[in-house]
Amino acid sequence: MIFLFAFLVSGVVCMIGQLILDYTKLTPGHVTSLFTVLGVVLSFLKIYEKFVSFAGAGATVIISNFGHLLYQAGIEGFHANGILGLFSGLLAKSSVAIVGAVIFSFVLAMMFQPRD
Amino acid sequence: MNKDEYQKLVKQLTPKENRVRNAFVAFLGGGLIGFLGQVIITILMQNFGLSMVEASSWLCLILIAFASISTALGFFDEWVTRVKAGLIIPTTGFAHSITSAALDYKRDGFITGLGANFFKLAGSVILYGIISAFFFSLLGVIIYG
């Protein structure tokens with residue numbers, strides 16, 4: 001069942017993104033930023049964790065999960081170390097995505113030439 | 001032909017993108033990534049004994065590697081024109097934007113080219129993600145304790 005929900009949740013989110021792109025003048029940059037902030041808000045409202053528990057990867061593959069991880073890490077950081085923990089822990093969980101993208105992109109940019 | 005007629009003609013001849021078809025393709029593409037992601041997570045958890053969090057992190061890296069490699073090889077842009085938001089909204093879009101910026105600006109030098117433009121497209125996701133997460137975390141701690 002979780003496979004079906006994974007398909008449906010990420011599919012519907014991508015479809016909403018596509019509808020925004022087609023019916024408004026917003027660019028992919030706007031939409032991804034918007035969905036990230038929306039992930040933070042849904043995480044704050046304790047809704048995002050429900051998506052993750054019933055749709056699994058359907059909720060974790062989309063960019064909103066980046067916002068969800070930022071918020072969760074911020075809360076955990078604050079509980080561990082107060083206001084300093086909020087500053088030091090905010091990126092703890094989303095480090096995988098940022099460092100992964102930086103390393104792969106840099107190494108591949110060194111190896112390949114752009115195609116136009 | 002006056003200006004109004006010309007505008008009318010342009011409007012007529014501009015190919016109309018089929019929005020229903022676009023939305024459906026984005027649904028299928030995005031759904032497929034979520035489904036395959038769940039398959040990978042299940043395999044990682046059952047065969048390698050990873051926790052849900054660890055498996056999700058590996059999946060994130062796999063998607064990023066897949067997107068970066070296919071961007072560097074030149075396939076990704078072709079796929080995006082077909083699947084559209086189905087590839088932009090998942091983490092693949094984030095990795096793609098960084099890899100394509102790195103490739104495009106490499107010729108302008110390491111510092112003023114690649115370095116200055118590396119986060120040109122993904123920067124707003126990171127920036128607004130951090131800003132909103134910071135203030136909502138503060139709010140969350142105040143409200144939920």
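Throughout, a chain's letter reflects where its sequence line sits, starting with A, and its residues are numbered from 1.
With rounding to the nearest 0.5 angstrom, the OG atom of B:S57 is 7.5 Å from the CG atom of A:L69. Atom CD1 in A:I63 sits 8.0 Å away from atom OG in B:S97 (nearest 0.5 Å). Rounded to the nearest 0.5 Å, atoms CD1 (B:I89) and OG1 (A:T32) are 6.5 Å apart.
Hydrophobic clustering, with ILVMFWY side chains joined whenever heavy atoms are under 4.5 angstrom apart, keeps A:L38 apart from B:L127. Two different hydrophobic clusters hold A:I98 and B:L121 under the rule that ILVMFWY side chains link at heavy-atom gaps under 4.5 Å. Cluster annotation: B:M52 and A:Y71 are assigned to the same hydrophobic cluster (Ile/Leu/Val/Met/Phe/Trp/Tyr, side-chain heavy-atom contacts under 4.5 Å, transitive). Both B:V83 and A:I20 belong to a single network of hydrophobic side chains, linked directly or stepwise wherever heavy atoms of I, L, V, M, F, W or Y lie under 4.5 Å apart. B:I142 and A:F87 fall into different hydrophobic clusters, where Ile, Leu, Val, Met, Phe, Trp and Tyr are joined by side-chain heavy atoms under 4.5 Å apart, directly or via other members.
For chain B, the nearby part of A:H79 is the side chain; its heavy atoms alone come within less than 4.5 Å. If you measure heavy-atom distances from B:I88 to chain A, the contacts under 4.5 Å come from both the backbone and the side chain. Contacts between B:V39 and chain A at a heavy-atom distance below 4.5 Å involve backbone atoms as well as side-chain atoms. Heavy-atom distances place the side chain of A:L21, and not its backbone, under 4.5 Å from chain B. Interface remark: A:Q72 contributes no atoms to any contact with chain B (heavy atom separation under 4.5 Å). Only the side chain of A:T36 comes within contact range of chain B, judged by heavy atoms closer than 4.5 Å. Contact of B:F66 with chain A is not made at all, since no heavy-atom distance falls under 4.5 Å. If you measure heavy-atom distances from A:F3 to chain B, the contacts under 4.5 Å come from both the backbone and the side chain. Both the backbone and the side chain of A:F106 come within contact range of chain B, each with at least one heavy atom under 4.5 Å from a heavy atom of that chain. Both the backbone and the side chain of B:I69 have a heavy atom closer than 4.5 Å to some heavy atom of chain A. With a 4.5 angstrom heavy-atom cutoff, A:L90 touches chain B only via side-chain atoms. Only the side chain of B:I41 comes within less than 4.5 Å of a heavy atom in chain A; its backbone stays farther off. When heavy atoms are compared at a cutoff of 4.5 Å, A:I103 does not approach chain B at all. Interface remark: A:L8 contributes backbone and side-chain atoms alike to the contact with chain B (heavy atom separation under 4.5 Å). Proximity to chain A is limited to the side chain of B:F118, based on heavy atoms less than 4.5 angstrom apart. No part of A:V107 comes within reach of chain B, as not one of its non-hydrogen atoms sits under 4.5 angstrom from that chain. Of the two parts of A:A55, only the backbone, made up of N, CA, C and O, holds a non-hydrogen atom closer than 4.5 Å to a non-hydrogen atom of chain B. Interface residue A:F78: only side-chain heavy atoms are found under 4.5 Å from chain B. Contacts between B:L73 and chain A at a heavy-atom distance below 4.5 Å involve backbone atoms as well as side-chain atoms. Heavy atoms closer than 4.5 Å to chain B are found in the side chain of A:I83, but not in its backbone.
Taking a 6.0 Å sphere around CZ of A:F112, one finds it holds more than 12 heavy atoms contributed by other residues, nucleotides or ligands. Other residues, nucleotides and ligands contribute over 12 non-hydrogen atoms within 6.0 Å of the CD1 atom of B:I143. Within a 6.0 Å sphere centred on CH2 of B:W58, heavy atoms belonging to other residues, nucleotides or ligands number 12 at most.
With A:Q18 contributing its side chain and B:A26 its backbone, the two residues share no donor-acceptor pair below 3.5 Å. Although no hydrogens or angles enter the test, the distance criterion places no donor-acceptor pair under 3.5 Å between the side chain of B:K106 and the main chain of A:P114. Judged by distance alone, with hydrogens and angles left aside, the side-chain atoms of A:T60 form no donor-acceptor pair with the main-chain N or O of B:S56 at under 3.5 Å.
In plain terms, the two heavy atoms of A:I75 and B:S137 that are nearest each other are CD1-O, 3.6 Å. Closest approach of A:F44 to B:L139, counting heavy atoms only: CZ-CD2, 3.7 Å. Scanning all heavy atoms of the two residues, the minimum distance from A:C14 to B:G30 falls at SG-CA, 3.5 Å. Scanning both residues, A:A109 and B:L103, for their nearest heavy atoms gives CA-CD2, 3.8 Å. What you find for B:Q38 and A:G56 is that their closest heavy atoms are OE1-CA, 3.3 Å. Contact detail for B:F119 and A:V102: the closest heavy-atom pair is CZ-CG2, 3.6 Å.
Between chain B and the residues A:A97, A:G39, A:G67, the most heavy-atom pairs under 4.5 angstrom are made by A:A97. For the set A:Y23, A:F35, A:F66, A:F5, the entry with the most heavy-atom pairs within less than 4.5 Å of chain B is A:Y23. The residue among B:A95, B:G129, B:A65 with the most heavy atom pairs within less than 4.5 Å of chain A is B:A65. Put simply, of B:V25, B:L138, B:I130, the one with the most heavy-atom pairs under 4.5 Å next to chain A is B:I130. When B:T92, B:I126, B:L87, B:D104 are compared by the number of non-hydrogen pairs under 4.5 Å with chain A, B:I126 comes out ahead. The candidate with the highest count of non-hydrogen atom pairs below 4.5 Å against chain B, out of A:N65, A:L19, A:L86, is A:L86.
A cation-pi geometry, defined here as NZ or CZ lying under 6.0 Å from the six-membered ring centre and within 45° of its normal, holds between A:K46 and B:Y144.
By the 30° and 60° cut-offs, the orientation of the rings of A:F7 relative to B:F35 is perpendicular.
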Note to self: I'd like to know whether B:L114 forms a side chain to side chain contact (heavy atoms under 4.5 Å, CB included) with A:M110, so could you lay out the CA-CA distance, the side-chain angles of the two residues, the decisive distance to 0.1 Å, and finally the verdict.
What the structure shows: CA-CA 10 Å; B:L114 193 144; A:M110 293 301 103; 3.7 Å; yes
Margin query: The test is side chain to side chain contact (heavy atoms under 4.5 Å, CB included); show your working for B:I33 and A:S10 and say whether it passes.
Written below: CA-CA 8 Å; B:I33 292 182; A:S10 62; 5.5 Å; no
